[in-house]
There are 2 protein chains.
Amino acid sequence: MLSKKTKYGLKALTYLASVDCKEPVQIAEIAKHENISQKFLESILLTLRRNGFLGSKKGKGGGYYLIREPKEILMTSVIRVLEGPIAMVPCVSLNFYEKCDDCPDENKCSVHKLMLQVRDSALEVYRNTTLADLIS
Amino acid sequence: MLSKKTKYGLKALTYLASVDCKEPVQIAEIAKHENISQKFLESILLTLRRNGFLGSKKGKGGGYYLIREPKEILMTSVIRVLEGPIAMVPCVSLNFYEKCDDCPDENKCSVHKLMLQVRDSALEVYRNTTLADLIS
DNA sequence: TATTACCCTATCGTTTTTGTAGATTTTAAC
DNA sequence: GTTAAAATCTACAAAAACGATAGGGTAATA
């Protein structure tokens, strides 16, 4: 299940991309437009800024704005920052690998085998989708 | 993230398929072989039985056994029974559809658009994988 | 001085995972 | 037959983890 954090983050990014001017947009405006709890969105936008997707400006006329072109923003990176691993089990994750504590041999594990395929298929989608593709 | 319930359920099914004889296998044996909490596994096997994947026999010499050929057991059905929806958001789920309470128009929603593709790609994998494919 | 992002913390609620305790059914030994 | 052992079945509950949200204060900027 996709967390609301990711969902809201994606919606916020899409909104910022659709506004297209580089003027800062206030948290309150995004929250209202997308029906998101403002306080929650606040923390989400912060992580997006810390991870190089957004810039921000304080004070009057301040807000958040995209610092990269929508076409340059891949879903792989957005998802990894907001949701974490793309893989459904850590033992098949490229960026968040962890060994299972059960499971003596990954290569013989049926779950591993299946989830490797699922990961690859999801990766295929995320790699071929940019923020620009999500704007209707 | 895949729940342990699903993970353990898949491992148990694979184990039962690999044993291949139709003799009942005890919960304790499966739990031990796959490093699974026996009590937890017990409830998982129960749901698999209730959903027509397994048969059981009580008493001495009892246990669980497959009642369908591994080749006939599709991952789509296993995942749906153990994990629930394959889709990452309810609004793109085929079997567990729910409307988002935010989101006035699904067709314009960026998350909807993205997750529809992710669902389809996962579905592609699950539909083309049977229990027999997971045995090494 | 007003406005806005920034930051930390606490809390509530849900889900997941595991454990406890016993009831029920079947087999097999006596 | 009676009994004991071996297993599944059932319900519940507790613990742990996680997700989502809210509160309140700080810092920067126009």
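Basis for what follows: all heavy atoms, side chains included, without hydrogens, waters or symmetry-related copies. Chain identifiers are assigned alphabetically (A, B, ...) following the order of the sequence lines, protein sequences preceding nucleic acid strands; residue numbering begins at 1 within each chain.
The two residues A:I86 and A:A122 come nearest to each other via the heavy atoms CG2-CB, 4.1 Å.
Atom CD in A:E29 sits roughly 16 Å away from atom P in C:dT3 (whole-Å rounding). Atom pair A:K5:NZ and D:dT21:P shows a separation of 13 Å (rounding to whole Å applied). With rounding to whole Å, A:E83 atom CD is found 11 Å from D:dG19 atom C1'. Separating the CG atom of A:D102 from the C1' atom of C:dT17 is a distance of 14 Å, rounded to the nearest angstrom. One interatomic measurement links the two molecules: OH of B:Y65 to P of D:dT8, which rounds to 12 Å at whole-angstrom precision. Spacing between atom CG of B:D101 and atom C1' of D:dA20 amounts to 13 Å, rounded to whole angstrom units. At whole-Å resolution of the value, CD1 in B:I36 and C1' in C:dG19 are 16 Å apart. In this structure, A:K11 places its NZ atom 14 Å from P of D:dA20, rounding to the nearest Å.
Here the side chains of A:K11 and A:N35 are not in contact, with every heavy-atom distance at 4.5 Å or above.
By the neighbour-count criterion of 12 heavy atoms within 6.0 Å, atom NZ of B:K99 is densely surrounded, having more than that number from other residues, nucleotides or ligands. Heavy atoms from other residues, nucleotides or ligands lying under 6.0 Å from CD of B:E69 number 12 at most.
Across residues 37-58 of chain A, A:K39, A:E42, A:L46, A:R49, A:R50, A:S56, A:K57, A:K58 each have a non-hydrogen atom less than 4.0 Å from an atom of DNA chain C (numbered order).
Here A:E42 pairs with A:K39 in a salt bridge; the nearest charged N to carboxylate O distance falls below 4.0 Å.
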**OP:** Please report the C-alpha distance between B:S93 and B:E98 in whole Å, then the side-chain angles of each, then the deciding distance to 0.1 Å, and finally whether the side-chain hydrogen bond (donor to acceptor under 3.5 Å, both in side chains) criterion is met.
**Re:** CA-CA 8 Å; B:S93 175; B:E98 265 180 63; over 6 Å; no
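Each of B:I27 and A:K4 has a nearest nucleotide on DNA chain D; the 5'-most of these lies closest to B:I27.
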